[in-house]
2 protein chains.
Amino acid sequence: MAKKRAYHHGDLRRALLQEAVRLIQRKGVDALTLRAVGEPLGVSRTALYRHFADKSALRAAVASEGFRMLTLQVLEAWNGHGRNAEAFQEMGMAYVRFAMAHPSHYRVMFGECVEASTDPELAREGAAAFQALVDALTWQQQNGSVRPDNPLRLAQFIWATVHGIAMLAIDRLLESQQTDVEELTRFANERLRIAISV
Amino acid sequence: MAKKRAYHHGDLRRALLQEAVRLIQRKGVDALTLRAVGEPLGVSRTALYRHFADKSALRAAVASEGFRMLTLQVLEAWNGHGRNAEAFQEMGMAYVRFAMAHPSHYRVMFGECVEASTDPELAREGAAAFQALVDALTWQQQNGSVRPDNPLRLAQFIWATVHGIAMLAIDRLLESQQTDVEELTRFANERLRIAISV
DNA sequence: CGGGTGATGTTGACAATGTCAACATAGGCG
DNA sequence: CGCCTATGTTGACATTGTCAACATCACCCG
């Protein structure tokens with residue numbers, strides 16, 4: 001029995017999660033409805049209750065999936081550009097690009113409904129994403145290219161900046177001055193480099 | 001006729017708005033229910049529809065009120081500390097303190113449900129808050145204490161950082177390392193000063 | 001001063017939604 | 001083969017936002 005995937009539907013949990021992500025990305029968070037998730041899968045509402053405690057658990061799973069994707073993207077940018085100062089900036093760009101590409105999904109990851117404290121998997125994936133940032137900073141500190149402050153505090157500072165840009169961009173609060181988000185992110189990265197240099 | 005406040009209830013609009021703010025602060029955003037707003041005022045649901053287009057218009061009004069309060073707080077910090085570099089840091093502290101003191105209210109101000117484009121008052125109040133930051137920066141540029149970059153871009157950069165700290169703090173994502181938010185904000189302000197100096 | 005008129009508030013109803021209890025089914029294990 | 005548990009369904013219910021129809025009150029115009 002390779003998987004437990006052969007009862008009635010076959011890995012319905014993964015299908016539900018995938019459909020939930022699709023719905024959120026295409027129609028927004030409000031469109032995430034138990035009935036709307038079940039129907040495309042030929043399954044009726046409440047089927048979900050055999051795989052998730054309730055709707056908020058489904059949202060938490062969506063958020064976890066988001067953090068997993070985000071971690072992959074930023075790590076690819078960091079590792080794929082040589083783990084230097086330039087690669088660090090690409091890491092920031094990748095972060096903001098992810099948020100811009102999946103605005104509703106990103107919002108679920110930081111929504112008030114999903115409490116990281118209640119879902120251990122979500123806490124784990126969120127911590128993993130943050131750890132990628134911490135690791136990149138410690139690496140640069142050993143390099144001598146980043147000042148030897150507490151790496152966690154540096155990481156929180158930088159995280160706040162990119163998260164803030166992402167949030168403001170998603171909320172369309174940067175459009176007033178026809179701002180190019182890519183350009184703003186580049187500018188922020190440049191200034192941050194000054195701020196965290198020795 | 002000094003006011004229009006003398007029909008049945010007497011300025012019900014303001015009472016509804018005030019009760020909505022109270023509800024959000026004390027019970028969270030989900031507790032903001034048309035029935036829950038009307039009942040304490042001895043008024044029935046749907047009474048609200050004579051003063052707000054719908055529930056989201058009420059939320060927008062709450063958000064506008066929040067921006068008004070926020071603008072007052074940061075301007076008081078800026079003006080009350082002498083409009084210098086130190087005052088600018090106090091401005092940032094005041095921003096984050098407001099968010100920490102009114103987490104649910106702050107979240108409504110940046111929630112996805114409230115689209116600034118649909119409510120002109122909200123757009124105005126939001127722009128006013130942002131303008132306070134821009135003004136403080138231009139002032140310092142004329143001082144020579146801030147580099148002569150585009151002040152709007154500088155403002156967006158700094159706004160993103162404090163907004164990010166506020167959001168992460170509200171989402172309790174800074175508690176993992178038992179972080180003191182005040183301390184993190186101070187650290188961020190110090191690093192930002194380096195980043196925006198000439 | 002009196003009736004009408006529009007602003008303001010109420011009641012009833014309805015559809016959508018999350019959730020639970022009771023029921024149905026199926027697939028593997030004894 | 002027969003049962004047992006995992007899995008999925010149906011019916012029901014409370015909550016909620018919203019609308020239409022109705023009620024009421026203040027003020028204005030004659």
Side-chain angles (χ1 to χ4, degrees), chain A residues 1-20 22-24 26-63 104 108 111-115 118-119, chain B residues 1-20 22-24 26-63 104 108 111-115 118-119:
Chain A
M1 49 96 176
K3 309 246 179 177
K4 62 178 181 192
R5 63 186 334 281
Y7 270 104
H8 293 160
H9 174 108
D11 212 354
L12 179 60
R13 185 193 154 95
R14 194 168 309 268
L16 287 167
L17 183 59
Q18 185 178 328
E19 184 60 32
R22 218 180 73 103
L23 255 176
I24 284 182
R26 295 172 42 124
K27 308 257 186 173
V29 188
D30 289 336
L32 184 63
T33 257
L34 297 199
R35 287 151 172 91
V37 174
E39 191 174 348
L41 301 177
V43 108
S44 217
R45 51 188 213 274
T46 74
L48 174 145
Y49 281 89
R50 305 294 162 177
H51 303 276
F52 301 93
D54 54 3
K55 188 184 181 179
S56 98
L58 174 64
R59 264 195 309 247
V62 169
S104 299
V108 171
E112 68 179 325
C113 316
V114 6
E115 286 292 324
T118 62
D119 188 316
Chain B
M1 47 95 175
K3 309 247 177 174
K4 63 179 180 189
R5 62 182 337 280
Y7 272 102
H8 293 162
H9 173 108
D11 211 356
L12 180 60
R13 185 192 154 95
R14 194 168 309 269
L16 286 167
L17 184 60
Q18 185 177 328
E19 184 61 31
R22 216 180 74 101
L23 256 175
I24 284 182
R26 296 172 42 123
K27 307 257 188 174
V29 188
D30 290 336
L32 184 65
T33 257
L34 297 199
R35 286 151 172 92
V37 174
E39 191 176 347
L41 301 177
V43 109
S44 218
R45 50 185 215 274
T46 74
L48 174 144
Y49 281 89
R50 305 295 161 178
H51 303 276
F52 301 93
D54 54 4
K55 186 184 181 178
S56 98
L58 174 63
R59 262 194 308 246
V62 170
S104 299
V108 171
E112 69 180 323
C113 315
V114 8
E115 285 292 323
T118 63
D119 189 316

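Note that this is a predicted model, so its numbers are computed, not measured. A, B, ... follow the sequence lines: proteins, then strands. Residue 1 opens every chain.
Distance check: A/K55 NZ to A/Y49 OH gives 9.5 Å after rounding to the nearest 0.5 Å. The line from CG of A/L32 to CD1 of A/I24 is 4.5 Å long, rounded to the nearest 0.5 Å. Interatomic distance, CG of B/L34 versus OG1 of B/T46, reported as 9.0 Å (0.5 Å rounding).
Checking A/A53 against A/D30, the closest nucleotide of DNA chain C that is more toward the 5' end is the one next to A/D30.
In this entry the distance linking NZ of B/K27 with C1' of D/dT15 reads 16 Å, nearest Å. Look at CZ on A/R13: it is 12 Å from P on D/dT7, rounded to the nearest Å. In this structure, A/R35 places its CZ atom 9 Å from C1' of C/dT19, rounding to the nearest Å. Regarding A/D11, its CG atom lies at a distance of 14 Å from the C1' atom of D/dA6, rounded to whole Å. Protein atom CZ of A/R45 is 8 Å distant from nucleotide atom P of D/dT10, rounded to whole Å. Distance B/L12 CG to D/dC25 C1': 15 Å, rounded to the nearest Å. Between the CZ atom of B/F52 and the C1' atom of D/dG17 there is a distance of 16 Å, rounded to whole Å. Computed from coordinates, the B/L48 CG to D/dT16 C1' distance equals 13 Å when rounded to whole Å.
The heavy-atom pair separating A/V43 from A/L12 by the smallest distance is CG2-CD2, 4.2 Å.
The backbone N or O of A/R22 lies less than 3.5 Å from no partner atom in the side chain of A/K27, so there is not a single donor-acceptor pair. Panel note: side chain A/R13, backbone A/H51; a donor-acceptor pair is recorded below 3.5 Å.
Of the side-chain N and O atoms in A/H51, one or more sit less than 4.0 angstrom from OP1 or OP2 of D/dG8. Residue B/T33 places at least one side-chain N or O closer than 4.0 Å to OP1 or OP2 of D/dT16. Contact annotation: A/Y49 side-chain N/O to C/dC20 OP1/OP2 distance is not under 4.0 Å.
DNA chain C is contacted by A/D54, A/K55 of residues 54-61 of chain A, taking any non-hydrogen atom closer than 4.0 Å.
Few gaps surround CD on A/E19; more than 12 heavy atoms of other groups in view lie less than 6.0 Å from it.
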